[in-house]
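These notes concern the structure reproduced below.
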Amino acid sequence: MFSVIAQAEVVQFHAWGGSAQVNGYLQWVSEQLQKEYGITLHHVKLADTSDAVSRVLAEKAAGNHTNGSVDLIWVNGENFAAMKQHQLLLPNWVSSIPNFTLTNAQKNPAMVTDFGIATEGQEAPWGKASLVFYHNSRLLPTPPRNVHQLLRFSRENPGRFTYPAPTDYLGVSFLKYVLVALNKQHRALLYKPVTERAFKTVSAALWRYLDALHPTMWQQGTHMVRQASALQRLMDSEVLWLSFSFTAAEIPSAVSRFDLPRSTRTYAMDEGSLANVHFLGIPYNAAHRTSALTVVNFLLSPKAQAKKQQLAVWGDATVLDMSLLSERQKEWFNTQQTHPSALSTSTAVPLFAEPHASWTDTLRDAWFKRYGERL
């Protein structure tokens with residue numbers, strides 16, 4: 001299936017546009033693709049990935065099966081589940097990508113599993129991320145190290161912590177993190193398709209926790225920010241003393257841009273971090289699928305992966321298996337500079353896999369049923 005195209009084409013890449021680092025990296029990618037292959041990568045900036053999913057679904061309903069407006073999409077687990085269910089993704093293409101072999105998927109099942117669902121060749125891994133916390137060390141020298149300490153901190157310092165409403169990706173990620181952390185004995189249930197009984201079993205501890213946390217949060221929990229970007233503004237103004245992100249490298253980058261105080265420090269909870277692999281999918285009706293395959297192959301190249309992992313660029317962890325790279329290629333990954341606000345890599349942190357994709361909508365819907373609109 002794979003072949004490098006000769007003609008110049010424009011690839012419409014629908015991807016989240018809420019990060020200056022991600023946007024800057026994709027601009028670099030576009031320049032490289034233009035130089036090496038004559039491909040123009042157009043980053044269609046999304047606030048919500050479901051917008052692109054809805055577009056592909058509408059095109060399928062209208063009978064547009066060959067000239068779709070979405071060529072490539074940065075997919076998260078719940079949207080992958082929806083696209084797979086409605087047969088919206090190009091099948092059986094990933095193994096044809098030469099650089100996919102560098103992920104060593106046979107020995108690393110995370111490269112072919114998205115939120116507990118087998119990818120079956122319908123999407124390619126692109127990067128890895130985990131939930132990290134950051135604090136103003138001048139105002140909060142010793143931050144909480146687990147969910148129980150977080151609740152204690154918020155009780156003792158009312159208004160200094162909040163999380164986005166679960167319409168936001170980071171907001172629902174916080175809920176999943178707490179759900180996993182509080183359910184050690186029932187954790188296995190989270191990695192199977194959700195059932196009413198399983199949800200009732202594991203959600204009881206979450207609701208008790210949130211009922212106690214909300215009155216102590218910013219605005220007493222009666223109003224919650226709509227997007228994760230608002231958390232940085234509240235941290236910068238020192239309204240919040242503690243916050244969190246799914247992109248560890250965005251914290252030192254924000255400090256360097258003076259969008260966060262110089263006293264900001266990033267860390268991971270001792271009990272573990274919610275983590276996932278993020279993927280790229282090609283819609284079944286992509287108008288420029290051959291070019292999209294070339295783009296994905298480039299994004300999985302050691303050159304592009306090393307660039308993306310640089311702290312000053314994005315800091316997104318590579319999906320490549322270092323043992324399969326040449327000595328020269330390995331050196332490309334050893335050029336990151338340290339930053340006082342960056343996450344320390346000296347201590348290993350347990351990683352919680354994302355719950356099965358079916359839990360996301362169930363969790364979000366139950367949250368709104370219990371707490372209502374708080375935007």
Side-chain angles (χ1 to χ4, degrees), residues 1-5 7-19 22-60 64-84 86-100 103 111-112 114 119-127 129 277-301 303-305 307-308 314 316 319:
M1 179 182 290
F2 181 83
S3 63
V4 176
I5 65 164
Q7 72 275 21
E9 289 188 328
V10 177
V11 171
Q12 303 292 339
F13 183 20
H14 289 240
W16 181 58
S19 166
V22 173
N23 297 344
Y25 172 70
L26 290 180
Q27 180 59 44
W28 175 84
V29 168
S30 181
E31 294 168 357
Q32 299 302 307
L33 289 169
Q34 182 64 49
K35 184 186 304 181
E36 295 186 27
Y37 304 106
I39 295 174
T40 299
L41 186 71
H42 178 220
H43 178 195
V44 181
K45 298 180 178 65
L46 302 176
D48 193 321
T49 306
S50 62
D51 294 340
V53 178
S54 298
R55 174 173 292 193
V56 179
L57 187 60
E59 290 175 347
K60 183 174 184 178
N64 180 358
H65 302 304
T66 58
N67 194 33
S69 59
V70 182
D71 296 312
L72 186 63
I73 182 172
W74 181 6
V75 191
N76 62 30
E78 60 179 308
N79 286 306
F80 168 66
M83 296 191 80
K84 187 176 182 182
H86 294 286
Q87 298 180 320
L88 300 180
L89 290 167
L90 185 68
N92 304 319
W93 61 270
V94 176
S95 60
S96 71
I97 299 294
N99 285 329
F100 175 68
T103 68
M111 299 297 110
V112 290
D114 193 356
T119 59
E120 297 179 337
Q122 296 180 57
E123 58 176 4
W126 186 30
V277 175
H278 44 98
F279 291 81
L280 299 167
I282 299 175
Y284 83 102
N285 65 341
H288 307 107
R289 65 177 62 179
T290 303
S291 297
L293 290 168
T294 301
V295 172
V296 175
N297 192 57
F298 176 78
L299 291 172
L300 282 177
S301 67
K303 174 183 176 180
Q305 288 278 301
K307 180 76 172 182
K308 183 160 62 77
W314 181 347
D316 194 45
V319 294

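Quick caveat, the model's predicted, so the values are computed rather than measured.
Side-chain contact check for Glu123 versus Met83: every heavy-atom pair is 4.5 Å or farther apart. At a threshold of 4.5 Å between non-hydrogen side-chain atoms, the residues Asp316 and His278 count as touching. Residues Val44 and Val70 form no side-chain contact, since every pair of their non-hydrogen atoms from C-beta on lies 4.5 Å or further apart. Counting heavy atoms from C-beta on, the side chains of Gln122 and Phe279 never come closer than 4.5 Å. In this structure the side chain of His288 never reaches within 4.5 angstrom of the side chain of Val10, judged on heavy atoms. Taking 4.5 Å as the limit, every side-chain heavy atom of Asn297 sits out of range of all side-chain heavy atoms of Leu293.
The shortest heavy-atom contact between Thr103 and Pro125 is CG2-CG, 4.1 Å. The two atoms that bring Asp114 and Gly77 nearest to each other are OD1-CA, 3.4 Å, heavy atoms only. The shortest heavy-atom contact between Asp71 and Ala287 is OD1-N, 3.2 Å. Closest non-hydrogen pair, Ala15 versus Leu26, comes out as CB-CD1, 4.4 Å.
Not counting sequence neighbours, the partners of Leu33 by the side chain to side chain contact (heavy atoms under 4.5 Å, CB included) test are Val29, Tyr37, Ile39, Leu41, Val295, Phe298. Legend: residues meeting salt bridge (charged side-chain N to carboxylate O under 4.0 Å, His left out) with Glu78, ordered by chain and number and at least two apart, are Arg364. Residues satisfying the salt bridge (charged side-chain N to carboxylate O under 4.0 Å, His left out) criterion with Glu31, sequence neighbours excluded, are absent altogether. Scored by the ring pair (Phe, Tyr, Trp, His ring centres under 6.0 Å) test, Tyr25 finds Trp28, Trp314 as partners (sequence neighbours excluded). In this structure Trp16 satisfies the side chain to side chain contact (heavy atoms under 4.5 Å, CB included) test together with Ser19, Trp74, sequence neighbours excluded.
Relative orientation of the Trp126 and Phe13 rings is perpendicular, given thresholds of 30° and 60° on the angle between their planes.
With rounding to the nearest 0.5 Å, the separation of NZ in Lys84 from OG1 in Thr119 is 7.5 Å. Rounding to the nearest 0.5 angstrom, the gap separating the NE2 atom in His14 from the NE2 atom in His43 is 9.5 Å. For the atom pair OG (Ser301) and NZ (Lys308), the distance works out to 10.5 Å, reported to the nearest 0.5 Å.
Using modelled atom types, one finds a donor on one side chain and an acceptor on the other under 3.5 Å when comparing Lys303 with Gln32. In this model, a donor atom of one side chain and an acceptor atom of the other lie less than 3.5 Å apart for Asn79 and Asn76.
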Using side chain to side chain contact (heavy atoms under 4.5 Å, CB included), reason through Leu89 and Phe80 one step at a time and then give a plain yes or no. CA-CA 9 Å; Leu89 290 167; Phe80 168 66; 3.6 Å; yes
Evaluate the side chain to side chain contact (heavy atoms under 4.5 Å, CB included) criterion for residues Asn285 and Thr66: first the C-alpha distance (whole Å), next the side-chain angles of each, then the deciding distance (0.1 Å), finally the verdict. CA-CA 5 Å; Asn285 65 341; Thr66 58; 6.0 Å; no
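For residues 43-60, there are no salt bridge (charged side-chain N to carboxylate O under 4.0 Å, His left out) pairs, not counting sequence neighbours.
Checked by atom type and distance alone, the side chain of Asn23 pairs as donor or acceptor with a backbone atom of Gly17 at under 3.5 Å. Between the Arg289 side chain and the Pro283 main chain, no donor and acceptor come within less than 3.5 Å of each other.
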